[in-house]
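Structure, as structure tokens:
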Amino acid sequence: MTKQFGFKAIRNMFTGGLLSAAVAAVAVWPAAAHADEYPSKPIKLIVPFAAGGGNDGIARTLGQLLSTSLKQPVVIENRPGAGGKLGVEIGLRAEPDGYTLTLISNSYSVNPSLYKLPFDPVHDMTPIGMIAKAPFFLSVNPGVPANSVQELIALAKQKPGELTYASSGTGGISHLAMELFLKTAGISMTHVPYKGSAPALTDTVSGQVNAMLTTAGSTLPYREDKRLKVLAVTLPERVSSATDIPTVREEGVPYDVTVWYGIIGPRGMPPAIQAKLNEAINAAVKQGEMADRLRTTGEESAPGSPEAFRDQIVKEIKLWSDVVRDAGVTVN
């Protein structure tokens, strides 16, 4: 039997629908209005490392460009400590209104596998976008009798565990990236950790250690002086600052690692503000000033969407967790 609807029922349905639509519109309106007004005061950009380093330099150049485009000051706040965890925690605990942002790098994806964190690195943040990417260079001392990746692999297989490699410290990205290379290539080398990349590079150049994954800014001058042999870069493609150096993949090893920098905010940031910041950052990293600054240190602009940046973080958390487990890496 078909149910008949009277005038009152129809009126209730109609007015109820209008009421629901009105409530939804009111809920959306403040966020939209807020996004239109954003930013109306200075923005704080937290750098979880000390002033003067690579992270700090990128943040300050980006901050100047964003200050111009967003018409509000971008204030850099260095909050070093606990391997970058302290500054990140402060940034993620802030109000999700777009006025507190945090610069992160690969360590953000590494730390969950090494430490018990007071935040969830995926669910407690809003991805804004990547800023830059850079390669590692697989470098060896000139005394090492290997002039290619395959020759280094063959040498390591002849002398398992006898070759040594330096890193900036146990659990750092240069350590884990090298462990991933060794696993992928099926070879073993002995890890020699240092307190920072500078002493590690010094001993690699002097021959105290055989090999190291080095960065562009420190590598290319030593290569020109023939005090380092650079066998390959770790990006999927060759880099513009040294197009004659092949990738590790070109040398027959299915391996690539990207050093990256990006911006995140606290969880719950309005999508309209997230989109506005992403657009401003993408425009900034494409500008000549930012692109030129990155090229001087061997880095390249890496504009992209928030979704792609989140995917990169999620992928790397799993990747480095597997490397830490397989290599038995522990930190104090």
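All of these numbers come straight from a predicted model, not from anything done at the bench.
- In terms of heavy-atom proximity, Ile76 sits nearest to Ala59 at CD1-O, 3.6 Å.
- Using modelled atom types and a 3.5 Å distance limit, the side chains of Lys85 and Asn111 yield no donor-acceptor pair.
- Nearest approach of Pro48 to Val88, heavy atoms of both residues: CG-CG2, 3.9 Å.
- In this structure a side-chain-to-backbone donor-acceptor pair under 3.5 Å is missing from Thr247 to Val233.
- Among all heavy-atom pairs drawn from Met178 and Ala211, the shortest one is CE-CB, 4.4 Å.
- Salt bridge status for Asp36 with Lys276: absent, with no side-chain N to carboxylate O gap under 4.0 Å.
- Within the 3.5 Å criterion, the main-chain N or O of Ala177 finds a donor-acceptor partner in the side chain of Tyr255.
- Here the side chains of Pro39 and Ile43 are in contact, with some heavy-atom distance below 4.5 Å.
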| request: Verify side-chain hydrogen bond (donor to acceptor under 3.5 Å, both in side chains) between Ser168 and His175, making sure each step is shown before the conclusion. | output: CA-CA 7 Å; Ser168 59; His175 172 207; over 6 Å; no
Which pairs of donor and acceptor atoms, one on a side chain in residues 127-144, lie under 3.5 Å apart (sequence neighbours left out)?
from   : atom 1 : to     : atom 2 : distance (Å)
Lys133 : NZ     : Glu237 : OE2    : 3.4
Ser139 : OG     : Phe137 : O      : 3.4
Ser139 : OG     : Thr214 : OG1    : 2.9
Asn141 : OD1    : Gly143 : N      : 2.7
Asn141 : ND2    : Thr204 : O      : 3.0
Asn141 : ND2    : Val205 : O      : 2.9

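- Here the side chain of Asn106 pairs a donor or acceptor atom with the backbone of Trp260 at under 3.5 angstrom.
- Pro96 and Gly268 get closest at one heavy-atom pair: CB-C, 3.6 Å.
- One N or O on the side chain of Ser301 and one on the backbone of Val285 form a donor-acceptor pair closer than 3.5 Å.
- Transitive grouping of hydrophobic side chains (ILVMFWY, heavy atoms separated by less than 4.5 Å) keeps Ile90 and Met269 in distinct clusters.
- Formation of a donor-acceptor pair under 3.5 Å by the Tyr108 side chain with backbone atoms of Pro121 is found in this model.
- No donor-acceptor distance shorter than 3.5 angstrom exists from the side chain of Thr61 to the backbone of Met290, with no hydrogens or angles considered.
- Note: the hydrophobic cluster containing Leu176 also contains Ile187 (ILVMFWY, side chain heavy atoms under 4.5 Å, direct or indirect links).
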| request: Check the pair Ser40 / Tyr99 against side-chain hydrogen bond (donor to acceptor under 3.5 Å, both in side chains), numbers first and verdict last. | output: CA-CA 9 Å; Ser40 59; Tyr99 290 101; 3.2 Å; yes
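- Listed for the Asn278 side chain is no donor-acceptor partner under 3.5 Å among the backbone atoms of Gln274.
- Shown here for Gly265 and Leu101, the closest heavy-atom pair between the two residues is CA-CD2, 4.5 Å.
- In this structure the side chain of Phe119 reaches within 4.5 angstrom of the side chain of Glu89, judged on heavy atoms.
- Between the side chains of Asp203 and Tyr194, at least one donor-acceptor pair of N or O atoms lies under 3.5 Å.
- Checking side-chain atoms of Thr164 against main-chain N and O of Thr190 turns up no donor-acceptor pair under 3.5 Å.
- In the hydrophobic clustering of ILVMFWY residues, with side-chain heavy atoms under 4.5 Å counting as a link, Leu228 and Phe181 come out apart.
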| query | Could you go step by step and tell me if Glu251 and Arg249 meet the salt bridge (charged side-chain N to carboxylate O under 4.0 Å, His left out) rule? | reply | CA-CA 5 Å; Glu251 292 287 292; Arg249 283 186 176 275; over 6 Å; no
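- For Glu316 (side chain) and Gln312 (main-chain N/O), no donor-acceptor pair under 3.5 Å exists by modelled atom type.
- Hydrophobic clustering of Ile, Leu, Val, Met, Phe, Trp and Tyr side chains at less than 4.5 Å, counting indirect connections, keeps Leu294 apart from Val239.
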Extract all donor-acceptor atom pairs below 3.5 Å that involve side chains of residues 49-57 and protein atoms in other chains or at least two apart in sequence.
from  : atom 1 : to    : atom 2 : distance (Å)
Asp56 : OD1    : Arg60 : NE     : 3.0
Asp56 : OD1    : Arg60 : NH2    : 3.4
Asp56 : OD1    : Asn78 : ND2    : 2.9
Asp56 : OD2    : Gly52 : N      : 3.0
Asp56 : OD2    : Arg60 : NE     : 2.9

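- In the hydrophobic clustering of this structure, Val149 groups with Leu213; members are Ile, Leu, Val, Met, Phe, Trp, Tyr whose side-chain heavy atoms approach within less than 4.5 Å, directly or through other members.
- The 12-atom threshold is exceeded at CD of Gln150, counting heavy atoms of other residues, nucleotides or ligands nearer than 6.0 Å.
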Just list the side-chain donor-acceptor pairs under 3.5 Å for residues 302-310, sequence neighbours left out, or say none.
from   : atom 1 : to     : atom 2 : distance (Å)
Ser305 : OG     : Ala308 : N      : 3.0
Arg310 : NH1    : Val122 : O      : 3.4

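- No side-chain heavy atom of Lys183 sits less than 4.5 Å from a side-chain heavy atom of Glu179.
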| said: As a quick check of understanding, evaluate side-chain contact (heavy atoms from CB on, under 4.5 Å) for Val259 and Glu299, giving each step before the final call. | reply: CA-CA 9 Å; Val259 180; Glu299 295 147 341; over 6 Å; no
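- Residue Val75 comes nearest to Pro42 through the heavy atom pair CG2-CB, 4.4 Å, listed as atom of the first residue, atom of the second, then distance.
- Arg238 places a side-chain N or O within 3.5 Å of a backbone atom of Thr243 that can act as its donor or acceptor partner.
- The shortest distance between side-chain heavy atoms of Leu70 and Leu277 falls below 4.5 Å.
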